There are 2 protein chains.
Amino acid sequence: MKRNTIQRSLTLEAVQKLKNHPTADEVYEEISAEHPTISKGTVYRNLNQLADSGEIRKMEIPSCPDHFDHCCHEHYHIRCLKCGRVFDIDMDYISDLEKSVKNAYGFAIKGYDLVFKGICPDCSQALENRADADAKDSVNNKEKEKCE
Amino acid sequence: MKRNTIQRSLTLEAVQKLKNHPTADEVYEEISAEHPTISKGTVYRNLNQLADSGEIRKMEIPSCPDHFDHCCHEHYHIRCLKCGRVFDIDMDYISDLEKSVKNAYGFAIKGYDLVFKGICPDCSQALENRADADAKDSVNNKEKEKCE
DNA sequence: TTCTTAATAAGAATATATACTATTAAGGAA
DNA sequence: TTCCTTAATAGTATATATTCTTATTAAGAA
């Protein structure tokens with residue numbers, strides 16, 4: 001039988017508090033600030049269990065660590081190619097996109113992942129500012145930044 | 001200036017030969033069977049360079065290692081949730097999906113990643129066969145399998 | 001209160017990918 | 001052709017994300 005542990009409650013609360021699609025690591029940091037003994041493996045396990053039970057949503061995004069979302073309505077996201085942050089996007093949800101599939105070669109389709117990609121306002125601004133500076137440095141810095 | 005190295009040619013040839021969206025590791029295994037001294041880092045670097053120059057396509061898929069595709073026309077893919085393999089899917093390509101976005105909050109949209117998910121015919125068959133056997137074992141085996 | 005065992009903490013292990021560094025070799029110049 | 005510059009390589013180390021392992025703890029039933 002499933003047990004209601006303190007760690008499980010803390011994990012759920014942290015995701016609900018951190019509204020910006022936190023990664024498992026960000027959830028762990030949030031919790032461990034108050035409860036330093038919690039284990040990162042526990043956070044990972046509880047996040048996945050909470051996602052399995054539908055209490056939170058697990059967002060699997062290409063070339064990114066998994067992000068978790070407290071939000072309950074289906075919506076799309078956009079990932080900044082430069083800083084890696086993930087944001088909500090405002091667009092009607094396409095619930096029957098699999099009907100557009102002509103041939104899935106025997107696959108039982110369970111859904112789809114759709115993530116837009118682009119450059120966020122912050123990074124656009126930073127790029128413009130740097131355009132005056134050394135172009136090479138700008139490229140190097142850009143390449144260095146990681147997906148958070 | 002860009003140099004045409006043997007390793008670069010081997011990498012391109014391997015992707016063109018392996019038509020099933022190989023991962024970098026699969027490309028490395030293919031090449032190293034004939035050329036055991038090639039370095040995995042070299043394969044990664046050349047795959048990314050070839051993708052940057054448009055000679056191959058890099059497929060970034062959630063919860064999967066990157067896959068590489070020799071194919072040149074835009075098309076969608078489906079990932080098996082059980083075995084992790086990636087297959088082509090037959091569906092009209094939506095080139096202007098970003099026009100459906102109502103509000104991207106200042107983002108400059110550069111494109112999108114769309115990947116369907118489902119259960120492939122092989123895994124459907126395997127699940128049916130196992131349904132007669134112990135259900136618990138079936139679930140455990142399912143959880144164990146990794147994205148390839 | 002006791003007991004069973006699910007869940008945990010801590011850290012090792014794994015997977016994917018990139019970075020570092022001494023060495024090699026591609027291709028232009030002499 | 002031979003030499004030279006330096007991009008690319010091999011091999012190793014490192015980074016990142018996540019899962020696994022194992023002894024211990026504690027949730028909740030009896």
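Note that the coordinates shown come from a computational prediction; the quantities given were computed from them, not determined experimentally.
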J.: In the hydrophobic clustering (ILVMFWY, side-chain contacts below 4.5 Å, transitive), which residues join A:Tyr44, or is it alone?
T.: none
J.: Considering just the side-chain nitrogens and oxygens of A:Thr42, establish if one lies under 4.0 Å of OP1 or OP2 belonging to C:dA9.
T.: yes
J.: Would you kindly give the CG-to-P distance between A:Asn46 and D:dT19, to the nearest whole Å?
T.: 13 Å
J.: Identify each donor-acceptor pair in which a side-chain atom of residues 35-42 of chain B lies under 3.5 Å from a protein atom, sequence neighbours left out, and give them as a table.
T.:
unit_1  : atom_1 : unit_2  : atom_2 : d
B:Lys40 : NZ     : B:Asp25 : OD1    : 2.6
B:Thr42 : OG1    : B:Arg45 : NH2    : 3.3

J.: Provide, to the nearest angstrom, the distance between the CZ atom belonging to B:Arg8 and the P atom belonging to C:dG27.
T.: 11 Å
J.: Going by ring-ring contact (aromatic ring centres under 6.0 Å, His included), name the residues that satisfy it together with B:His70, two or more places apart in sequence or in a different chain.
T.: none
J.: Grab the OH-C1' distance between A:Tyr28 and D:dT19 for me, whole Å please.
T.: 16 Å
J.: Is the count of non-hydrogen atoms from other residues, nucleotides or ligands lying under 6.0 Å from B:Asn20 atom CG greater than 12?
T.: no
J.: Could you tell me the separation between the CD atom of B:Gln49 and the C1' atom of D:dA8, rounded to a whole number of Å?
T.: 8 Å
J.: Under 3.5 Å, side-chain donor or acceptor atoms of residues 4-15 of chain A against the rest of the protein: list the pairs with distances, not counting sequence neighbours.
T.:
unit_1  : atom_1 : unit_2  : atom_2 : d
A:Thr5  : OG1    : A:Arg8  : N      : 3.1
A:Arg8  : NH1    : A:Gln49 : OE1    : 2.8
A:Ser9  : OG     : A:Thr5  : O      : 3.3
A:Thr11 : OG1    : A:Gln7  : O      : 2.7

J.: Please encode protein proximity along nucleotides 25-30 of chain D as a string of B, S and -, counting only heavy-atom distances under 4.0 Å.
T.: -BBS--
J.: By the 4.0 Å heavy-atom rule, please label B:Asp66 as base, sugar-phosphate, or nothing.
T.: sugar-phosphate
J.: Give a yes or no on whether the backbone of B:Thr23 and the side-chain of B:His67 come within a donor-acceptor separation of less than 3.5 Å.
T.: no
J.: Return the value, rounded to whole Å, for the distance between atom CG of A:Asp25 and atom C1' of D:dT18.
T.: 11 Å
J.: Using whole Å, what does the distance between atom P of nucleotide D:dA8 and atom NE2 of B:His35 come to?
T.: 19 Å
J.: Please confirm whether any donor atom in the side chain of B:Thr37 sits under 3.5 Å from an acceptor in the base of D:dA10, or the reverse.
T.: no
J.: For residues 112-122 of chain B, run the donor-acceptor check on the side chains, cut-off 3.5 Å, and write out each pair with its distance to 0.1 Å, sequence neighbours left out.
T.:
unit_1   : atom_1 : unit_2   : atom_2 : d
B:Tyr112 : OH     : B:Tyr76  : OH     : 2.5
B:Tyr112 : OH     : B:Ile94  : O      : 2.4
B:Asp113 : OD1    : A:Lys117 : NZ     : 3.2
B:Lys117 : NZ     : A:Asp113 : OD1    : 3.2
B:Asp122 : OD2    : B:Arg85  : NH2    : 3.0

J.: Under 4.0 Å: is that the gap between some side-chain N or O of A:Asn48 and OP1 or OP2 of D:dT18?
T.: no
J.: Roughly how many Å is it from CD in B:Glu60 to C1' in C:dT16, rounded to a whole number?
T.: 13 Å
J.: Starting at atom NZ of A:Lys58, determine the distance to atom P of D:dT19, rounded to an integer number of angstrom.
T.: 6 Å
J.: D:dT18 phosphate, OP1 or OP2: any side-chain N/O from A:Tyr44 under 4.0 angstrom?
T.: yes
